[in-house]
Amino acid sequence: MLDIKVIREDPQKVKILLGRRGVPEEEIDKILKMDEKIRKMITDLNSMRAERNSISKEIAKLKAAKDEEGVNKILDRGKMLSEKIKSDEDELSRLQSQLNQALLFLPNIPYEKVPFGRDENDNVEIRRWGEPTKFNFDPQPHWDLGSKRGLLDFERAAKISGSRFTILKGDAALMERALISFMIDLHTKKHGYTEILPPHLVLRQTMLNTGKLPKFEEESYSTTLDDLFLIPTAEVPLSAMHQDEIIDEKDLPLKYVSYTPCYRREAGSYGKDVRGMIRQHQFDKVELVKYTKPEDSYEELESLTHDAEEVLQYLELPYRVIELCTGDIGFVSARTYDIEVWLPSYNNYKEISSCSNVTDFQARRANVRIKRNNGTLEFAHTLNGSGLAVGRTLVAIFENYQTRDGKIRVPEVLRDYMGGKTEI
RNA sequence: GGAGAGAUGGCCGAGUGGUCAAAGGCGUACGCCUGGAGAGCGUAUGAGCUUAAUAGGCUCCGUGGGUUCAAAUCCCACUCUCUCCGCCA
């Protein structure tokens, strides 16, 4: 959520920056108008409250002096004020929730340097690592490769759960587990993140605080009886974990890594990535989340992205890093780098991680503040990034490490996690 | 699921209708003291809104309602935490 004060103080700048993300100017004007009306009401209300309070104090004094006549003189005025205050308060809270609702639908303000653009075609490549894998035979897509060797089972998954689910079997399941362990070990031991195993079901409020609601309700799985939501990413519990807390400046940054399955309805992506296990309703992900001081967050985004990249370097998978343009960054993000891994079946790079600086957008909703050494309070910045999407990493290994005879070599760093196996 | 206890400032904890943003303690900051540190002493110290303002005013004692001129305090509902019983991986 944006700070209404920022909008109020420099509406022109907000209009320009949000305009790059496709928010119409009228939306900002509407909000400013509501804000003005609300503040006028508050001022009026406050003077009535002040009068009522002084009447109350006067009554207390008169009662103490046993002056019943004096009390009766001003009692009616007090009653009248009380009624008026109550009805105005009702009206005010109606207006405030309207304003709040409007604010909840505004996306984060993009970082000034984010490239302007309409959609993913305007994203900018930042760097590449490795070369696209060359084969001296026709490589197979992972869905053929995995099905033939009994490692991936799409038919049975569809029988029990419908489309966009996959059963991993035998060594595929083992490799998935190995990848999870490898990634978490790397981030905890080398990069200094603390491992968290969070709940996978969260309150509606938690989804709201992390910006997944109200805008993306149709993207989420929820439980009707309890109104709990299955997490679409570990970012949700991790970024809301310190809700209503005040964190000491000296304890920052906080760095968390978490493995969880992610549940997404993938509404609106019909016909996209329909083959194989690229786009699933459930997938494993190792997620990185940081809480930082505002002045450090863009630097921390660079290091978080590097931490994620390193997973691919250890796995020796070719990738590139792109910066998303204003039209493609996520709702809560001010700046986003995507890491894309080379996938032979796509003959292209495919997203395997998305690293974002959310600035204070979630922290304001979740009320996560930091206490400065001089005692002042301000909202923390939060960042998140996949480190990495495990299912897509498995796919990348299958496709890039396949052999002529349809087997898959096991990357060096995973062998210890897989009982020494060199191929599957 | 049943019974009971509780929720107050960064933390602990007092407060059962008006003089309470709220005692006391801890913590923190500054000062005194000291060769230095500690102890000790003194002063300050909740958040948010409004405002040119550290002036004034307003709101906030788990959440939401209600009673009252006036609610941390009384009434109702809910949420969460803890203890005991039951059930259970």
Side-chain angles (χ1 to χ4, degrees), chain A residues 1-10 31-103 197-209 222-223 225-229 237 240-252 254 261 291 293 360 363-380:
Chain A
M1 175 146 63
L2 300 184
D3 188 349
I4 183 69
K5 270 191 274 183
V6 170
I7 302 175
R8 195 188 295 150
E9 274 157 25
D10 198 348
I31 283 168
L32 285 168
K33 224 178 226 166
M34 281 196 260
D35 177 52
E36 203 179 325
K37 194 168 170 192
I38 283 170
R39 292 199 300 151
K40 170 83 168 68
M41 271 197 94
I42 288 174
T43 312
D44 294 349
L45 246 178
N46 279 350
S47 54
M48 280 192 284
R49 282 168 174 158
E51 190 185 346
R52 181 201 58 192
N53 289 349
S54 75
I55 285 178
S56 289
K57 276 185 187 155
E58 190 61 25
I59 289 176
K61 270 188 216 150
L62 293 171
K63 285 221 168 173
K66 305 262 188 235
D67 181 358
E68 287 302 325
E69 202 174 310
V71 170
N72 289 332
K73 255 197 220 160
I74 52 176
L75 201 61
D76 282 347
R77 175 73 183 158
K79 276 186 189 171
M80 193 276 278
L81 276 172
S82 248
E83 274 164 38
K84 175 79 173 136
I85 286 168
K86 189 180 282 179
S87 70
D88 281 15
E89 275 173 345
D90 288 348
E91 175 65 11
L92 178 65
S93 79
R94 252 196 304 281
L95 288 173
Q96 274 173 330
S97 69
Q98 266 177 33
L99 174 63
N100 202 253
Q101 200 60 21
L103 284 173
L197 209 155
H200 298 173
L201 287 162
V202 297
L203 299 170
R204 173 175 288 275
Q205 186 63 43
T206 305
M207 292 288 277
L208 193 80
N209 288 344
S222 54
T223 63
L225 285 181
D226 302 294
D227 205 31
L228 288 171
F229 288 74
M241 211 164 70
H242 291 289
Q243 185 179 131
D244 294 321
E245 290 183 28
I246 293 171
I247 304 166
D248 236 42
E249 177 175 19
K250 66 177 194 303
D251 296 328
L252 294 172
L254 298 176
Y291 293 74
K293 296 184 239 179
D360 60 3
R364 179 169 289 107
R365 290 193 184 192
N367 192 29
V368 181
R369 290 174 297 174
I370 64 179
K371 186 169 202 160
R372 294 294 193 173
N373 291 335
N374 66 11
T376 60
L377 297 173
E378 59 190 294
F379 290 113

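A note on names: the letters A, B, ... follow the listed sequences, proteins ahead of strands, and every chain is numbered from 1.
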Which of residues 48-55 of chain A sit near RNA chain B, with a heavy atom under 4.0 Å from it?
-> A:Arg49, A:Ala50, A:Arg52, A:Asn53
Reckon A:Lys57 has a side-chain N or O less than 4.0 Å from the OP1 or OP2 of B:G18?
-> no
Looking for any heavy atom pair under 4.0 Å, which part of the strands does A:Leu377 touch: base, sugar-phosphate only, or nothing?
-> sugar-phosphate
Euclidean distance for P, B:C82 against B:U8 (whole angstrom) = 14 Å
Could you measure between the two P atoms, the one in B:G6 and the one in B:C76, and give it in whole Å?
-> 15 Å
Pairwise side-chain contact, A:Asn100 with A:Gln96, heavy-atom cut-off 4.5 Å (strictly under) = no
Considering residues at least two apart in sequence or located in another chain, which fulfil the side-chain contact (heavy atoms from CB on, under 4.5 Å) criterion with A:Glu249?
-> A:Lys293, A:Arg372, A:Asn373
Report the distance from atom CG of A:Asp76 to atom P of B:C69, rounded to the nearest whole Å.
-> 10 Å
A:Glu9 CD to B:C49 P, in whole Å, measures 11 Å
Grab the CG-P distance between A:Asp90 and B:G65 for me, whole Å please.
-> 8 Å
Could you tell me whether the phosphate oxygens of B:C69, OP1 or OP2, come under 4.0 Å of any side-chain nitrogen or oxygen in A:Lys73?
-> no
Of all residues at least two apart in sequence or in a different chain, which pass the side chain to side chain donor-acceptor pair (under 3.5 Å) check with A:Arg204?
-> A:Glu217, A:Asp227
Distance between C1' atoms of B:G62 and B:U79 (Å, rounded) | 8 Å
Say whether, by atom type as modelled, one donor and one acceptor occur between the side chain of A:Arg364 and the main chain of A:Leu2 under 3.5 angstrom.
-> no
Mind calculating the distance between CG (A:Asp35) and P (B:U50) to the nearest angstrom?
-> 8 Å
Rounding to the closest angstrom, what is the interatomic distance between B:G13 and B:G25 at atom P?
-> 16 Å
Could you pull out all residues at least two apart from A:Pro199 that satisfy side-chain contact (heavy atoms from CB on, under 4.5 Å)?
-> none
Let me know, please, whether A:Lys79 or A:Ile246 comes out on the 5' side of the other along RNA chain B by nearest nucleotide.
-> A:Ile246
All N/O pairs under 3.5 Å across the protein-nucleotides 51-56 of chain B interface:
none

Expressed in angstrom and rounded to an integer, what is the separation of A:Asp244 atom CG from B:C80 atom C1'?
-> 13 Å
Does A:Ser82 have a side-chain nitrogen or oxygen under 4.0 Å from the phosphate oxygens OP1 or OP2 of B:A70?
-> yes
Residue closer to the 5' end of RNA chain B, A:Glu89 versus A:Lys5 (nearest nucleotide) | A:Lys5
Taking only residues two or more places apart in sequence or in another chain, which ones pass side chain to side chain donor-acceptor pair (under 3.5 Å) with A:Lys84?
-> A:Asp88
Applying side-chain contact (heavy atoms from CB on, under 4.5 Å), name anything that partners A:Asn46, two or more places apart in sequence or on another chain.
-> A:Ile42, A:Arg49
Are OP1 or OP2 of B:U67 and a side-chain N or O of A:Lys86 less than 4.0 angstrom apart?
-> yes
Sticking with atom P, work out how far B:A77 lies from B:G4, rounded to a whole angstrom.
-> 14 Å
P gap between B:G42 and B:C26, integer Å | 11 Å
Counterpart residues, side chain to side chain donor-acceptor pair (under 3.5 Å), relative to A:Asp244 (two or more places apart) = A:Asn367
Using atom CD of A:Glu83 as one end and atom P of B:U67 as the other, report the distance to the nearest whole Å.
-> 10 Å
A:Lys40 NZ to B:C58 P: how many Å, rounded?
-> 18 Å
Residues two or more places apart in sequence or in another chain: which of them pass salt bridge (charged side-chain N to carboxylate O under 4.0 Å, His left out) with A:Asp35?
-> A:Arg8, A:Arg39
For the pair A:Lys5 and A:Asp3, find out whether any cationic side-chain nitrogen is under 4.0 Å from an anionic carboxylate oxygen.
-> no
Can you name the side chain to side chain donor-acceptor pair (under 3.5 Å) partners of A:Glu36, sequence neighbours left out?
-> none
Round to a whole Å and report the spacing from CD1 of A:Ile42 to P of B:C60.
-> 13 Å
P-based separation of B:U34 from B:A7 [nearest Å] = 47 Å
A:Asn72 side chain to A:Glu68 side chain, donor-acceptor N/O pair below 3.5 angstrom | no
Strand RNA chain B in bracket notation, Watson-Crick/G-U under 3.5 Å with | for pairs to another chain = ((((((((.[[[..)..(.....]]]((((((.......))))))(((((.....))))).[[[[[..)....]]]]])))))))....
Where the side chain of A:Lys63 is defined as all heavy atoms beyond and including C-beta, which of B:C69, B:C49, B:G10 is the nearest nucleotide?
-> B:C69
With sequence neighbours excluded, residues passing side-chain contact (heavy atoms from CB on, under 4.5 Å) with A:Gln101 = A:Leu104, A:Phe105, A:Pro214
Pairwise P distance, B:U63 and B:C80 [rounded to whole Å] = 15 Å
